[in-house]
Amino acid sequence: MFATIPLAAHRRAKHEQGNGHSMSVMQDPSDDLKVTPPKKWATGAPAVAHAIQYSLSQTSPKRTALTLLNLNQGKGIDCPGCAWPDPDPNHRPMNEYCENGAKHVNDEATSKRVTREFFRQHSVSELDEKSDYWLNQQGRLTEPMIKRSDSDFYEPIGWDEALDLIAGELRSLDSPNEALFYTSGRLSNEAAFLLQLFARAYGTNNLPDCSNMCHESSGSAMQQTLGVGKGSVSLDDLHQSDLIFVIGQNPGTNHPRMLSALEIAKRNGGEVVAVNPLPEAGLMRFKNPQKVRGVLGRGTEIADQFLQIRPGGDLSLFKALNLLLLEAEDANPGTVLDHEFIRTHTNGFEEFARRARELSWDQVHAATGLTRAEIEQVRDRVLASNSVIACWAMGLTQQKHGVATIREIVNFLMLRGNLGKPGAGVCPVRGHSNVQGDRTMGIWERMPQSFLDSIEAEFGFTPPSEHGLDSVDSIRAMLDGRARFFLGVAGNFVRATPDSEVTEKALRQCRMTAHISTKLNRSHTVCGETALILPTLGRSDRDVQNGVEQFVTVEDSMSMVHASFGRLEPASESLLSEVSILSRLARRVLGDSPEIPWESFEENYDAIRDRISRVVPDFEDFNRRVADPAGFRLPNPVNRGEFRTASGKAEFSTNEFEWLDAPEGYLVLQSLRSHDQWNTIPYAMDDRYRGIHNARRVVLVNPDDIAELGLTDRAEVDLVSVWHDGVERRAPSFTVVSYPAARGSAAAYYPETNVLVPLDSVADVSNTPTSKGVIVRLEPVAQQS
Ligand SMILES: Nc1nc2c(c(=O)[nH]1)N[C@H]1C(S)=C(S)[C@@H](COP(=O)(O)OP(=O)(O)OC[C@H]3O[C@@H](n4cnc5c(=O)[nH]c(N)nc54)[C@H](O)[C@@H]3O)O[C@H]1N2
Ligand SMILES: Nc1nc2c(c(=O)[nH]1)N[C@H]1C(S)=C(S)[C@@H](COP(=O)(O)OP(=O)(O)OC[C@H]3O[C@@H](n4cnc5c(=O)[nH]c(N)nc54)[C@H](O)[C@@H]3O)O[C@H]1N2
Ligand code: SF4
Ligand SMILES: [Mo]
């Protein structure tokens, strides 16, 4: 019997059961796979229905209604989804959320519970065999648990004992630098401020965070050129911009309400240019679910021009555009460049302009796959626009030359003075809802000395000044024994990071791993000798301290800071807030002192905000200002014509021509998000807009490449990546799906493909894993008959 099972099916069955999560799947990947044509539009009526359907599968109609009615309202729950800003509360419709925000908050509001009984039934090894989807579907964590070094089971432990154990471990390390404090951008400003304060008072800057794998390249490039790592535009700027570039970003899925902003911009006469290897649904057409016309009509065309670029080709595209602008200026001197801006505000133009002319169009064509005519058409749009905004996300940041690409985009904007004026500027679109705020609060392994000095002045200790470890370097430190303790606050480190097999080994070598989490995930099953799960309140949960309801604050992608109020009954009486857990842990490790009264921070979060107002620039009078439901906007010096670079001016940069050249027979693979996942967690096996149903182990490839590689649509392949170290990294059993992707590229989902990204394959300068630029071959799986 067994021998007659086709090999591919047999291999899939093995992965289904787990067999190493770097390859785990929930459902058979291709027996159920259904492919429909990719959608040409995003959002609209089906999106709302999908959100409510998912919510009702997780929780009661009452909790669904409670979360949805309070989402993104003044005194309501800030959507724990992405970092896209809310419109002004005075002009905000009642249902100001998107399908994915609704799914996301209801995934947290789920009525399902992970209890001590659950952990008695399932050993850690058994849980380790389950898929990411399955782990998340078990529901909310309810009480602290410990896996002791001699056991394969998590068992209950009291809060005091758990925190004492962690404190004991921290005190026993030879150096504070043996400890790692990871966080993801879900953390509130208040908890983030306490986490960094705790780590620094303990003695380390080891604060790796998800940003290291996300927008680090944006921060690096903008720091170097503009002197500040944040975006400069507001929602109003987008609404009134003449021309908006959306580069390396899939807003229909990942920032759905951005489409409303683009729709307004278009109604005001603006144009959109989308740059992407994939014709993403939201970039093509948008149906606004909040309007009858949007639900029933044809929707709005979003992209006026779509540049189907080869992966990694963006640097060449912007170098080419910059050359065309310089040539247009040569042809009509004084009419193209903003000489006044360049003279007053920038440095290095002459050298930049000289080197820019070295470009060859053959190179540009090879790198981008675009024709000169297409790029000239973009140039004409630019010349016709008085204000231009560049928006971008992971398609740029997770490439080897991501930092150079973003610097080149800054060059592009500066040539025509598109910085610091209405409707113009840089717009890195952030991912996690408070990832930008966490950085503002000091979650960074290399905070500037001025911030550390403010900490010293406020709290009376000298923080270490030596830089700490980022995410990739943390993995290296665990591997070679330099780090032995790992605390994860929110997030899912082991699935967010590259080179899964290597990272898993690194974590298993730790003496202790501990996670402050809302839901079960892989980081709880790939653990150190001793492991702890510290369950916490989510953003939708009511947080009461001493009988007084607390709120927290967040900062969105456009530097708006505002409050978020939990509204739901917590999942269990044993949950503590992140602030409580961190305050209690810090007290145990460091003791209470008059300088850092940890206990008072837990009692009333206003006390934390008072400290923030004295340490963090632009947070003066924080408690009073955040009482306004609209919140307040942090100023960006770029908008005042102020550049905090060494020269005091914005820097033109010269970026060497670089692109991703896959050898014959190989493709450039990008690992991306499906419509039905939230980062490391799939909510369902579908990717509705791309027409993929019931499967995640698929690889999307252009039909001409499929033919050229001698494969067929629906062929079963292993993805194998090649790297200088000669190690063969393999993600087995993927189904090839013919898709209108750029020639030479392939796309498959993260985190299933993280196993293919070598730890050392990182972006220059930012050290961000190159999750969008992995050279792979597709190895047919022999069919046994
Ligand atoms: N529903 C949902 N929303 C989310 C998330 C989620 O997981 N689910 N995650 C949040 C987080 S943390 C983040 S960082 C953001 C991520 O938001 P995105 O950056 O939109 O996320 P990805 O799915 O990684 O998509 C990357 C996009 O870049 C394109 N791309 C890939 N390589 C290249 C390239 O070389 N050049 C160009 N021009 N384009 C390229 C891909 O085709 C894809 O459209 O979303 C946030 N919002
Ligand atoms: N190959 C590849 N790898 C990537 C990427 C990619 O595109 N491709 N993208 C990268 C990017 S952009 C990012 S941001 C990272 C994301 O990496 P992470 O931020 O580390 O991962 P998440 O999936 O967002 O974390 C999910 C977990 O967070 C916990 N959680 C949720 N809400 C809360 C809360 O309110 N409090 C606490 N304490 N815990 C909570 C839950 O336990 C949940 O299981 O992944 C990166 N990795
Ligand atoms: S766009 Fe982002 S923040 Fe807004 S509702 Fe959707 S997921 Fe939430
Ligand atoms: Mo992200």
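Atoms within a ligand are numbered from 1 in the order they appear, just like the ligands themselves.
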State whether the side chain of D499 and the backbone N or O of L759 hold a donor-acceptor pair below 3.5 Å, judged by distance alone.
yes
Hey, what do you get for OG1 (T397) to CD (Q249), rounding to the nearest 0.5 Å?
10.5 Å
With a 4.0 Å heavy-atom cut-off, what residues sit around ligand 2?
Y182, S184, R186, C210, M213, C214, M394, Q398, H432, A490, G491, N492, A496, I516, S517, T518, K519, N521, T536, G538, E578, S671, R673, W678, N679, T680, I681, Y750, N754, S771, K772
In terms of atom number and element, which parts of ligand 3 are under 4.0 angstrom from non-hydrogen atoms of [X]?
{"X": "P256", "result": "1 (S)"}
{"X": "C79", "result": "3 (S), 5 (S), 7 (S), 8 (Fe)"}
{"X": "R257", "result": "1 (S), 3 (S), 4 (Fe), 5 (S)"}

Distance alone, cut at 3.5 Å: any donor-acceptor contact between the side chains of Q436 and H215?
no
Could you tell me if E555 and T440 have a donor-acceptor pair between their side chains, going purely by distance under 3.5 Å?
yes
Please name all residues satisfying side chain to side chain contact (heavy atoms under 4.5 Å, CB included) with P144, sequence neighbours left out, ordered by chain then number.
I157, W159, P535
Applying side chain to side chain contact (heavy atoms under 4.5 Å, CB included), name anything that partners N679, two or more places apart in sequence or on another chain.
H432, R673, Y750
Using salt bridge (charged side-chain N to carboxylate O under 4.0 Å, His left out) as the criterion, list what pairs up with D556, not counting sequence neighbours.
none
For the pair K112 and Q138, evaluate side-chain hydrogen bond (donor to acceptor under 3.5 Å, both in side chains) and give the outcome as yes or no after the intermediate values.
CA-CA 6 Å; K112 300 180 200 165; Q138 303 314 302; over 6 Å; no
Any idea which of C98, G81, G101, C82 brings a heavy atom closest to atom 6 (Fe) of ligand 3?
C98
